[in-house]
Amino acid sequence: MDHGAPEKNSLSNPDRWVDLYGDYLYRFALSRLRDSHQAENVVQETFCAALEARKAFFGRSSERTWLTGILKHKIIDSFRQRYRESPVTDLEANDEAVNSFFDIAGHPKQYPSDWYPEPYQMLENKEFWAIFRSCLEKLPRATRDCFILREMENTSSKEICRILNISPSNFWVMMHRARLQLSHCLETNWEMPGHPDVRKPWNWRRIKGKDKK
Amino acid sequence: MKIFISCKEASRIISDGLDSTLPFSRRFLLRLHLAMCKTCGYFKRRTLALRKLLRLRARQEETPFPQDEPSLSEESRARIKALLKEKER
């Protein structure tokens, strides 16, 4: 299966689009929307829009990049639609959730360990992504979408407030809650010492050159 | 003048700092707290690492490798193909 336009700067036959890019676009949409039905719709809309805009494709980017650009717009539209239909309700719950991580004095109920996911190492780790996905699912819907839009789509806070129809202070609390909960969830579910992909910096320096098992 | 903040407040500043430019006062309060609280440092590092990971992932999505992950169902494919054929007329 090829990745990208077979002919350099021209479009392939729309008949082939679904076979060439359907799965890729679907996976992308699913990773953002977390709803298979909406993801399918968005992929369909993307192909239809691309068909109409065919003539405007100047071949400056690869075919897939072009389609992905259209897809991203459709994904944002889908999010907007989601919150037009059902406004956010879990705002107060976020305040409580944040508080639940701390005691009365503001100290963490559970102090975080020094573990962190080393980016270049974790990138290819399927186990990690599975855990991350399940942690993400534990967040309430709007909070999750807020986090996804911010961290995976690099949407500005202003734009997110518009899409979700929330105030800036709602946004700050959502992100705070999401980060606290994800941090906690990841640590809890990830098995640490001895795992080959996890290297705590201080530990690594000590075992370098030594035969530690 | 208040110069000591709780871990709860610190975690909030850490989070806000990822999405906005912090005013000097908040940055200062956080720095002071971090100088004394290593666990908040762990939270900050973990949060930043997650952001970096997700950004790397986003970049990687530009050139994906074949994976055994969700795909469009046969039915959806057929439906979309048929729809495109319709529109081409």
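Chain letters run A, B, ... following the sequence lines, proteins first and then strands; every chain starts at 1.
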Go through the atoms of [X] and report whether side chain, backbone, both or neither lie under 4.5 Å from a heavy atom of chain B.
X        : value
A:Arg150 : side chain
A:Glu153 : neither
A:Asn154 : side chain

Atom OH of residue position A:Tyr111 - does it have more than 12 heavy atoms of other residues, nucleotides or ligands inside 6.0 Å?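 Buried by this count: over 12 neighbours within 6.0 Å.
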Just checking A:Lys138: does its NZ atom have more than 12 heavy atoms from other residues, nucleotides or ligands closer to it than 6.0 angstrom?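 Atom NZ in A:Lys138 is packed in, count exceeds 12.
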Would you please go through residues 39-46 of chain A and name the residues with a non-hydrogen atom below 4.5 Å from one of chain B, in numerical order?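 The list, in residue order, reads A:Glu40, A:Val43, A:Gln44.
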Scan for ring pair (Phe, Tyr, Trp, His ring centres under 6.0 Å) pairs involving residues 129-166 of chain A, sequence neighbours excluded, and state none if there are none.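 Those involving residues 129-166 of chain A are A:Trp129-A:Phe132.
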Roughly how far, to the nearest 0.5 Å, is CE of A:Met152 from CZ of B:Arg57?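 These two atoms lie 6.0 Å from each other.
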Applying a heavy-atom distance below 4.5 Å, give me the residues of residues 3-19 of chain B that approach chain A, sorted by number.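 Counting heavy atoms that sit under 4.5 Å from chain A, the residues of residues 3-19 of chain B involved are B:Ser6, B:Cys7, B:Lys8, B:Ser11, B:Arg12, B:Ser15, B:Asp16, B:Leu18, B:Asp19.
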Counting only non-hydrogen atoms closer than 4.5 Å, can you tell me which residues of residues 20-27 of chain B sit against chain A?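 B:Ser20 fall under the 4.5 Å cut-off.
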Please confirm whether the backbone N or O of B:Leu72 pairs with a side-chain atom of A:Asp23, one donor and one acceptor, at under 3.5 Å?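 Answer holds: yes.
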Donor-acceptor contact present, side-chain A:Tyr120 to main-chain B:Leu53, <3.5 Å: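 Checking the backbone N and O of B:Leu53 against the side chain of A:Tyr120, no donor-acceptor pair under 3.5 Å is found.
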